[in-house]
Protein chains: 2
Amino acid sequence: MGINIFDIAKEAEVSIATVSKVVNNTGRISDKTRKKVLEIIEKHNYTPNSLATALTGKFSYTLGLIIPNLANPFFGEIAKSVEDRARELGFSVMICSTDYDADREASYFTLLQKKRVDGVIILSGFEDQQTITRNLVKPNMPVALIARDIPTISINSVSIDDFVGGYEAAKHLIGLGHRRMGLIVENIRCAKERVRGFNQALEEHDLQLDESLVLLGEATVPNGKKLALQLLSGDEPPTAIFATNDLLAIGTIQAANEHGLKVPQDVSVIGFDNTMLATITDPPLTTIAQPMEQMGRQIVDLLVQELKGDVTHKQRIVLLPELVVRKSTGLR
Amino acid sequence: MGINIFDIAKEAEVSIATVSKVVNNTGRISDKTRKKVLEIIEKHNYTPNSLATALTGKFSYTLGLIIPNLANPFFGEIAKSVEDRARELGFSVMICSTDYDADREASYFTLLQKKRVDGVIILSGFEDQQTITRNLVKPNMPVALIARDIPTISINSVSIDDFVGGYEAAKHLIGLGHRRMGLIVENIRCAKERVRGFNQALEEHDLQLDESLVLLGEATVPNGKKLALQLLSGDEPPTAIFATNDLLAIGTIQAANEHGLKVPQDVSVIGFDNTMLATITDPPLTTIAQPMEQMGRQIVDLLVQELKGDVTHKQRIVLLPELVVRKSTGLR
DNA sequence: ATATTCAAGGAAAACGTTTAACTCCCTTCA
DNA sequence: TGAAGGGAGTTAAACGTTTTCCTTGAATAT
């Protein structure tokens with residue numbers, strides 16, 4: 001179909017080896033020949049077929065990114081930073097959105113293997129991260145984890161200290177005088193870590209979580225609203241609610257409004273992630289910030305290091321989340 | 001590195017052609033041989049190298065998507081739907097986020113050609129859509145446009161009728177009794193179409209736009225806020241503001257709040273896009289909805305049809321936007 | 001004048017598939 | 001008994017590169 005190296009070689013009256021050398025700036029080619037070849041390349045708008053290049057060479061210069069849902073701003077920001085950094089390093093990214101479907105997550109992994117990507121970054125949507133654990137038994141390709149972690153296996157990862165995140169959230173609320181808190185928790189391991197951290201802070205202040213105020217569910221705004229409504233209509237409602245991500249927190253604010261409660265006067269709400277959403281709610285959301293951009297960049301660096309063989313030891317990078325105080329939390 | 005078809009063939013004591021036929025379910029192979037081959041494939045976890053497959057075959061089964069910024073929910077939703085539909089049709093997607101950088105947009109186009117994607121979907125971030133117009137002079141690959149349109153060239157596209165969108169927005173505001181309106185306009189062609197439509201409705205009601213109330217700028221929340229503040233602090237501020245996308249509209253709501261004005265009592269705000277953001281602002285945003293999911297799916301269908309040679313005539317599909325009334329607009 | 005070195009470029013193998021054409025060999029049928 | 005037919009599998013070319021030797025001819029050194 002398209003023009004290929006033979007066509008160029010023929011028209012320039014040189015061998016394909018010469019063309020290849022001109023294109024890649026390798027070998028020794030006289031200025032005259034180089035110029036002639038370049039002219040013809042220009043004329044036909046020739047670009048080497050990377051499929052063929054990848055087939056001969058060691059790398060395809062393509063990375064895979066498996067992520068639950070691109071339409072979710074948290075994942076979108078991660079995807080963007082991964083793509084940006086990959087590009088800086090000369091890699092393209094094949095992005096795969098699983099829609100929280102475990103089969104799809106697994107089949108994407110296989111697909112990416114077929115496509116001979118040089119490595120895969122996974123942000124699993126599942127508690128047990130099935131894809132990874134299943135596939136890491138016989139990993140024929142570098143894999144790295146972002147924003148999630150599996151403590152038991154040796155794998156490059158960049159994530160945050162979820163425990164500290166939860167701890168900070170609780171500390172903030174306790175500092176504001178809250179004693180009775182509700183939790184809305186996404187059903188994944190890292191969210192549970194956040195709850196553990198939250199509990200730790202509570203214990204240090206001789207407080208105890210009322211287990212009936214801990215609700216689990218899927219991370220969407222409507223679901224956050226539903227669960228928060230449940231929390232707020234109880235006999236003894238909490239004065240503050242910690243939601244393990246911004247979407248749930250936003251649902252919580254909506255629930256409060258609907259229930260006739262003012263945020264933060266009647267009930268404080270604190271989220272997790274610090275996506276752009278946190279800045280546009282009313283009131284703007286106090287939340288625990290994850291460094292999404294940094295995570296994306298660092299995991300790409302780690303993965304590329306690994307696949308280039310630069311580094312022997314795998315790394316587990318743990319970034320620290322930070323409290324961002326806005327207007328959704330206030331004094332008891 | 002990995003295991004290949006030769007290894008399988010050798011261990012199964014058959015030729016590589018046989019292995020290939022087993023894998024692809026082509027040709028005639030006895031059940032016995034098939035079973036043996038499959039066993040060995042299973043044992044070694046063999047998957048054919050798609051680079052090689054793509055090299056021999058007609059397709060790479062990969063599409064490219066060039067888009068301004070994945071972190072923006074509008075683009076995220078589009079990217080998701082494109083990816084979803086592509087997957088259903090057996091294609092992977094290479095997503096390229098240009099960050100509104102014209103050079104990057106162009107270089108991504110070249111990159112995708114090199115990678116031998118079967119086709120490219122472009123959502124250009126630029127007024128003149130440089131990449132496309134420049135590259136469509138000699139297009140060696142199917143290209144399709146989403147959410148943007150170039151009236152002068154023959155190319156598959158799915159977009160909305162921006163004129164009607166603007167018209168609907170104006171009609172809504174006029175119906176609520178507004179007579180003096182401000183506009184915050186993104187600097188791209190489609191946004192200007194929206195303004196044209198807006199004007200049309202105005203004219204039909206013998207109203208005229210005060211040109212001093214039409215402000216242009218980049219589509220971000222902070223910028224929307226800045227421009228809206230400008231609008232609202234004028235001598236004779238508008239009673240309603242039409243922003244050509246949700247981000248700008250959200251900035252406008254923030255500006256109103258900051259300026260001590262209530263939305264919608266003191267000033268009405270209407271946006272464009274209907275991203276998830278519109279549901280989480282306070283008040284929830286009245287906006288003109290674009291069918292992002294449908295656009296994504298349809299453009300993939302069109303592109304795949306084109307590259308498979310199913311259809312001869314290119315299509316320009318124009319979807320109609322719809323007014324979604326929420327709480328940010330009210331009676332004058 | 002001959003040997004040595006070096007710059008410039010070419011030949012061919014390798015990467016991992018698919019596929020058209022072909023070869024066997026076993027049935028079937030007249 | 002021999003021809004025809006068809007099932008099962010093989011051979012080899014093709015896809016478009018990169019890269020490792022080679023070859024050639026000219027310049028330089030002795």
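It should be emphasised that the depicted structure is a prediction, and the values quoted were computed from it without experimental measurement. In what follows, chains carry the letters A, B, and so on, assigned in the order in which the sequence lines appear, proteins first and then strands, with residues in each chain numbered from 1.
Following rounding to the nearest Å, B/Y46 (OH) and C/dG16 (P) show an atom-to-atom distance of 10 Å. One can place CG of B/L55 at 14 Å from P of C/dC15, the figure rounded to the nearest angstrom. Across the protein-nucleic acid pair, A/N25 atom CG and D/dT18 atom P stand 12 Å apart, rounded to whole Å. Here C/dG9 presents its C1' atom at 6 Å from CD1 of A/I29, a figure rounded to the nearest Å. Straight-line distance from the NZ atom of A/K32 to the C1' atom of D/dA26: 15 Å, rounded to whole Å. Distance, B/E13 CD to D/dA8 C1': 16 Å, rounded to whole Å. As a whole-Å value, the separation of B/R28 CZ from D/dG7 C1' is 6 Å. In this structure, CZ of A/F59 is placed 17 Å from P of C/dC15, rounded to the nearest angstrom.
Regarding contacts with the backbone of C/dG9, a side-chain N or O of A/S30 is found under 4.0 angstrom from either OP1 or OP2. Under 4.0 angstrom from either OP1 or OP2 of C/dG10 there lies at least one side-chain N or O belonging to A/S15. The phosphate of D/dG16 has neither OP1 nor OP2 within less than 4.0 Å of any side-chain N or O from A/N49. Considering only side-chain N and O atoms, A/T33 lies nowhere under 4.0 angstrom from the phosphate OP1 or OP2 of C/dA8. Listed pair A/T18 / C/dG10 meets the phosphate criterion, a side-chain N or O lying under 4.0 Å from OP1 or OP2. Regarding contacts with the backbone of D/dT18, a side-chain N or O of A/N24 is found under 4.0 angstrom from either OP1 or OP2.
Contact annotation for B/I16: base contact, defined as any heavy-atom pair under 4.0 Å involving a base atom. Among the protein residues, A/S20 comes within range of the nucleic acid bases, having at least one heavy atom under 4.0 Å from a base atom.
With hydrogens and angles ignored, the 3.5 Å screen pairs no side-chain donor or acceptor of A/E306 with any backbone N or O of A/P142. Of the possible donor and acceptor atoms, none in the side chain of A/T26 sits under 3.5 Å from a partner among the backbone N and O of A/V22.
Cation-pi geometry between A/R189 and A/F126 is not met at under 6.0 angstrom from the ring centre and within 45 degrees of the axis. Annotation: cation-pi geometry not satisfied between A/R116 and A/F59 (NZ/CZ under 6.0 angstrom from ring centroid, within 45° of ring axis).
For A/D118 and A/K58, the salt-bridge test fails: no basic side-chain N is under 4.0 Å from an acidic carboxylate O.
Side-chain N/O atoms of B/K21 and base N/O atoms of D/dT10 include a donor-acceptor pair closer than 3.5 Å.
Candidate nucleotides D/dT17, D/dC15, C/dT19 were compared by shortest atom distance to the side chain of B/T56, and D/dC15 ranks first.
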